[in-house]
Structures are given as C-alpha cells and as structure tokens.
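Remember, it's a predicted structure, so these values are computed and weren't measured experimentally. Throughout, a chain's letter reflects where its sequence line sits, starting with A, and its residues are numbered from 1.
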Protein chains: 2
Amino acid sequence: MDMQESSQVEPPHPAADVLEHVGYRLKRAHAALRAAMDQVLREHGLTVPQYACLEVLAARPGLSNAELARATFVTRQSMNVVLRGLQDEGLVTRPSTVDRGRARPATLTDEGRRRLDAAQVAVYAVETRMVRALPDGRLAALLADFDRIAEALTD
Amino acid sequence: MDMQESSQVEPPHPAADVLEHVGYRLKRAHAALRAAMDQVLREHGLTVPQYACLEVLAARPGLSNAELARATFVTRQSMNVVLRGLQDEGLVTRPSTVDRGRARPATLTDEGRRRLDAAQVAVYAVETRMVRALPDGRLAALLADFDRIAEALTD
DNA sequence: TCGAGTATGTCAAAGTCCTGACATCGAGTT
DNA sequence: AACTCGATGTCAGGACTTTGACATACTCGA
C-alpha cells in the first residue's frame with residue numbers, strides 16, 4: 001500500500017492525513033460524479049434529483065412521494081418539491097385524489113419518458129467513464145463495498 | 001433495494017445491467033455517510049461542511065477561502081458562508097487585511113481546535129464502523145478505486 | 001508600460017434541502 | 001367504539017448551495 005501520489009511537498013504540516021481518510025475519498029468521488037452528472041443533465045434541462053426521480057419512476061411506476069424520497073435518499077419534503085416541479089413541466093402525473101389512503105402514485109408521462117430516455121444516454125456515458133477507469137474485475141467488489149458501507153452506517 | 005425490472009419485459013436500455021448502477025450505489029454509500037456524520041456532529045454543534053472546513057484547516061493552516069472551497073468540494077461562495085459562521089462562533093480567525101494579494105489566510109482558534117478535537121472522536125468512530133465493515137485488505141483497493149473514479153470524472 | 005489572462009473575495013438572487021411541526025389515514029389493540 | 005401507533009402529505013422556517021456577476025489583485029508577455 002504505497003500511495004506516493006501526495007502532491008503537497010511543502011505544506012507546513014505533514015500531518016495532512018485527512019486526505020487519506022475513507023470518508024474524504026468517498027466524498028471526493030461522489031462530488032466528482034455529482035458534478036459530471038450536473039453538467040450533462042443541464043443540457044437536457046434536468047437536475048440530478050429530478051433525473052433520479054424519473055429514473056426510479058421508470059423502473060418502479062406508481063411509487064408515492066415518500067417512497068420516491070427513500071429511494072433517492074432525500075426527505076419527503078425535498079421530493080415533494082422535485083415532484084411538483086416535474087408535474088409543472090408535464091413529465092410526471094399524480095392523481096389528485098385516491099380511493100384509499102393518502103399516498104398518490106406518480107407515473108411518467110410520455111413526455112417524461114422521452115426526456116428520461118434522452119438524458120439516460122448522457123448519464124450512462126458518464127457511468128461508463130467511471131467503470132472504465134476501474135481495473136478489470138474489480139467492479140463487483142467495489143459494488144459490494146458500497147453496499148457494506150451503506151449497511152454499516154444505516155443501523 | 002433491487003431494481004426489479006421484471007415489470008418491463010424488454011427494458012429499453014439493457015446497458016444499465018452491465019453498469020450495475022455504480023452511480024446509484026455510490027450515492028447510497030455517500031448518503032449513509034453523510035447522515036451518520038450529520039447525526040454525530042449535531043451533538044457537537046457542527047454541520048458537516050463546518051467540520052470539513054475545520055478538519056482541513058487543522059491539517060493545513062493558513063488556507064484561504066478559495067483553497068478551502070476546493071479542498072471540500074464546494075464553491076467559494078458556500079465556503080465563504082461557512083467560514084463566516086465559524087468566525088462568528090469564534091472557531092476561526094482571518095486577518096481583516098493582508099500585505100499581499102486578496103487571499104486572507106484562515107486559522108483555527110484555541111476554541112476551534114477544542115471543538116474539532118471533540119468532534120473528531122465522534123467522526124472517527126463513524127469511519128471505524130465503515131472500515132470494519134470491509135473485508136480484510138480491501139481498504140487500500142477501495143481507496144484507489146475512489147481516486148480512479150474522481151480522476152476519471154474530473155476531466 | 002500596457003494589456004490579457006487568471007485568481008480571489010464579495011454581493012445578489014434563486015434553487016435546493018433540511019428540521020420541526022401539524023393534520024390525515026390506515027392498521028392494530030383494548 | 002376508542003385508542004395508540006406508524007406512515008403519509010403538507011406547511012413554515014431556516015440552513016445550505018449554487019449560478020451569475022462584479023471589482024480587485026497578481027502574473028506574464030507583447
């Protein structure tokens with residue numbers, strides 16, 4: 001484990017092992033992904049939370065606001081704002097009333113499906129750049145590590 | 001959290017299976033870390049951006065606002081708000097004027113150092129939970145993968 | 001010397017997200 | 001039936017972050 005790529009040769013403090021921490025590196029990788037997705041999604045008129053909502057909704061139609069919030073790791077309130085924006089743009093529809101309970105199932109409109117399909121091409125290109133940067137055969141282990149981290153911290 | 005696409009007989013984008021949703025899993029791991037840090041830092045009266053700023057400042061004293069922003073992956077404007085809050089609490093000091101240039105070096109106060117030391121104990125416990133969830137010997141590879149991802153996406 | 005280019009700090013406005021709170025709905029229990 | 005409990009939708013307020021813009025300050029080359 002020799003990581004001699006520390007580019008800071010003249011900092012007053014050599015104890016900059018913050019940069020070695022797992023949390024820092026995870027944060028950095030996530031920030032890079034977020035920035036890359038922001039950039040490509042802007043060309044499609046979508047934000048990252050909006051895209052995430054559409055993507056989940058395509059795979060699991062009929063999810064409620066709270067369910068979408070959990071699936072995208074935001075609060076119900078945040079998802080409510082996102083969902084309202086998507087409805088105003090005509091990409092998502094929700095019935096104004098339901099027969100039973102309070103949860104209103106959200107579904108993609110045809111326009112929503114078209115916008116998602118177009119955006120997915122760009123987003124998948126970003127993911128491909130990410131995957132190709134990894135050594136062969138390490139992807140599965142990386143995914144497993146992600147799951148272990150998430151599971152260990154959500155107890 | 002399985003994306004059961006069995007409802008779609010023929011998913012329009014089969015490439016998603018190849019990529020295994022790396023972005024989604026990375027996002028999930030980061031969200032879990034963020035939530036865990038939020039929780040433990042609240043007991044110390046610090047937000048995650050505030051803690052990140054203090055941590056970087058402890059390792060590299062004298063960094064300017066813009067440098068801190070880059071080190072913590074936020075904009076200069078965001079870091080400016082964080083830094084002002086930390087100054088109001090007396091955890092960080094910046095000279096009102098400098099001899100040369102515009103960048104004003106920020107440094108921790110004694111109180112800032114104490115708050116950071118106390119918070120670090122809690123944060124390191126979170127990181128320990130994360131690391132212990134990984135198989136033996138996987139940490140180095142995981143860190144390398146994080147770096148590869150960040151590098152591949154920041155072009 | 002002058003100019004272009006780059007980096008920094010700051011302001012304004014908007015968007016995003018969160019915590020806290022409240023009311024509603026369903027399921028289960030008493 | 002009345003109650004508790006959990007889940008949901010919603011509102012209000014605040015905290016955080018971003019984009020866009022502008023002025024200032026250094027660097028470098030013509």
Side-chain angles (χ1 to χ4, degrees), chain A residues 27-28 30-43 45-54 62-89 92-106, chain B residues 27-28 30-54 62-89 91-106:
Chain A
K27 184 178 180 179
R28 188 163 92 103
H30 179 263
L33 172 61
R34 171 77 185 224
M37 287 186 64
D38 261 325
Q39 185 178 346
V40 301
L41 284 176
R42 189 170 303 118
E43 303 168 4
L46 291 174
T47 65
V48 171
Q50 283 176 333
Y51 172 82
C53 179
L54 293 180
L63 255 54
S64 69
N65 176 42
E67 290 170 320
L68 285 168
R70 280 192 296 269
T72 55
F73 318 111
V74 295
T75 60
R76 294 181 314 236
Q77 295 87 334
S78 297
M79 180 50 67
N80 201 8
V81 175
V82 172
L83 223 37
R84 215 173 298 178
L86 290 173
Q87 284 186 95
D88 292 345
E89 289 189 69
V92 162
T93 54
R94 274 192 298 178
S96 53
T97 59
V98 287
D99 296 348
R100 174 181 187 76
R102 304 194 73 193
R104 291 186 290 154
Chain B
K27 184 178 180 180
R28 187 163 93 103
H30 178 263
L33 173 62
R34 171 75 186 225
M37 288 186 63
D38 261 326
Q39 185 178 347
V40 302
L41 285 176
R42 190 170 302 117
E43 305 167 3
H44 294 272
L46 291 174
T47 66
V48 170
Q50 283 176 332
Y51 173 81
C53 178
L54 294 180
L63 254 55
S64 69
N65 176 41
E67 290 169 320
L68 286 168
R70 280 193 295 270
T72 56
F73 317 111
V74 296
T75 59
R76 288 174 313 196
Q77 294 87 334
S78 298
M79 180 51 67
N80 202 8
V81 175
V82 171
L83 223 38
R84 215 172 297 178
L86 291 173
Q87 284 186 96
D88 292 346
E89 289 189 69
L91 307 182
V92 161
T93 54
R94 273 192 297 178
S96 52
T97 59
V98 287
D99 295 349
R100 174 181 186 77
R102 303 194 74 195
R104 291 185 291 154

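- Side-chain contact between B:Arg104 and B:Asn65 is absent, with no heavy atoms from C-beta onward closer than 4.5 Å.
- Rounded to whole Å, atom P of C:dA21 lies 13 Å from atom CD of A:Gln77.
- Checking D:dT18, D:dT10, D:dT8 against every side-chain atom of A:Arg94, the shortest atom distance belongs to D:dT10.
- Checking D:dT18, D:dG9, C:dG9 against the side-chain heavy atoms of B:Val74 singles out D:dT18 as nearest.
- For A:Leu63 and D:dA7, the CG to P distance is 16 Å, given to the nearest whole Å.
- C:dG15 atom P lies 15 Å from atom CG of A:Leu86, rounded to whole Å.
- Considering only side-chain N and O atoms, B:Arg34 lies nowhere under 4.0 angstrom from the phosphate OP1 or OP2 of C:dC18.
- For the atom pair B:Met37 CE and B:Thr47 OG1, the distance stands at 9.5 Å (nearest 0.5 Å).
- The phosphate of C:dC18 has OP1 or OP2 within less than 4.0 Å of a side-chain N or O from A:Ser78.
- Proximity of B:Leu54 to B:Val92: side-chain heavy atoms (C-beta onward) are separated by under 4.5 Å at one or more points.
- Distances from the side chain of A:Asn65 to the nucleotides D:dT17, C:dT16, D:dG9 place D:dG9 closest.
- The side chain of B:Arg76 lies closest to C:dG9, out of C:dG9, D:dT18, D:dT17.
- Side-chain N/O atoms of B:Asn80 include one lying less than 4.0 angstrom from OP1 or OP2 on C:dT10.
- How far CZ of A:Arg28 is from CG of A:Leu33: 13.5 Å, rounded to the nearest 0.5 Å.
- Set against D:dG9, C:dT8, D:dC16, the side chain of B:Pro49 has D:dC16 as its closest nucleotide.
- Among the atoms of the strands shown, none is found under 4.0 Å from any heavy atom of A:Val81.
- Taking atom CE on B:Met79 and atom P on D:dA15, their separation rounds to 18 Å, with Å as the unit.
- Here D:dA15 presents its C1' atom at 15 Å from CG of B:Leu46, a figure rounded to the nearest Å.
- Whole-Å rounding puts the A:Gln39 CD to D:dT19 C1' distance at 14 Å.
- For A:Leu68 and D:dT8, the CG to C1' distance is 13 Å, given to the nearest whole Å.
- Note on B:Arg42: a side-chain N or O is less than 4.0 Å away from OP1 or OP2 of C:dT19.
- Between B:Thr47 and D:dC16 there is a side-chain polar atom (N or O) within less than 4.0 angstrom of OP1 or OP2.
- A:Arg84 has no side-chain polar atom (N or O) that falls below the 4.0 Å cut-off from OP1 or OP2 of C:dT16.
- B:Arg34 and B:Asp38 are joined by a salt bridge, as a carboxylate oxygen and a charged side-chain nitrogen come within less than 4.0 angstrom of each other.
- Regarding contacts with the backbone of C:dT8, a side-chain N or O of B:Arg70 is found under 4.0 angstrom from either OP1 or OP2.
- A sub-4.0 Å separation between OP1 or OP2 of D:dT17 and a side-chain N or O of B:Thr75 is absent.
- Distance check, rounded to the nearest 0.5 Å: OG of A:Ser64 to CZ of A:Arg70 gives 6.5 Å.
- Atom P of nucleotide D:dA15 and atom CG of B:Asp88 are separated by 12 Å, given to the nearest angstrom.
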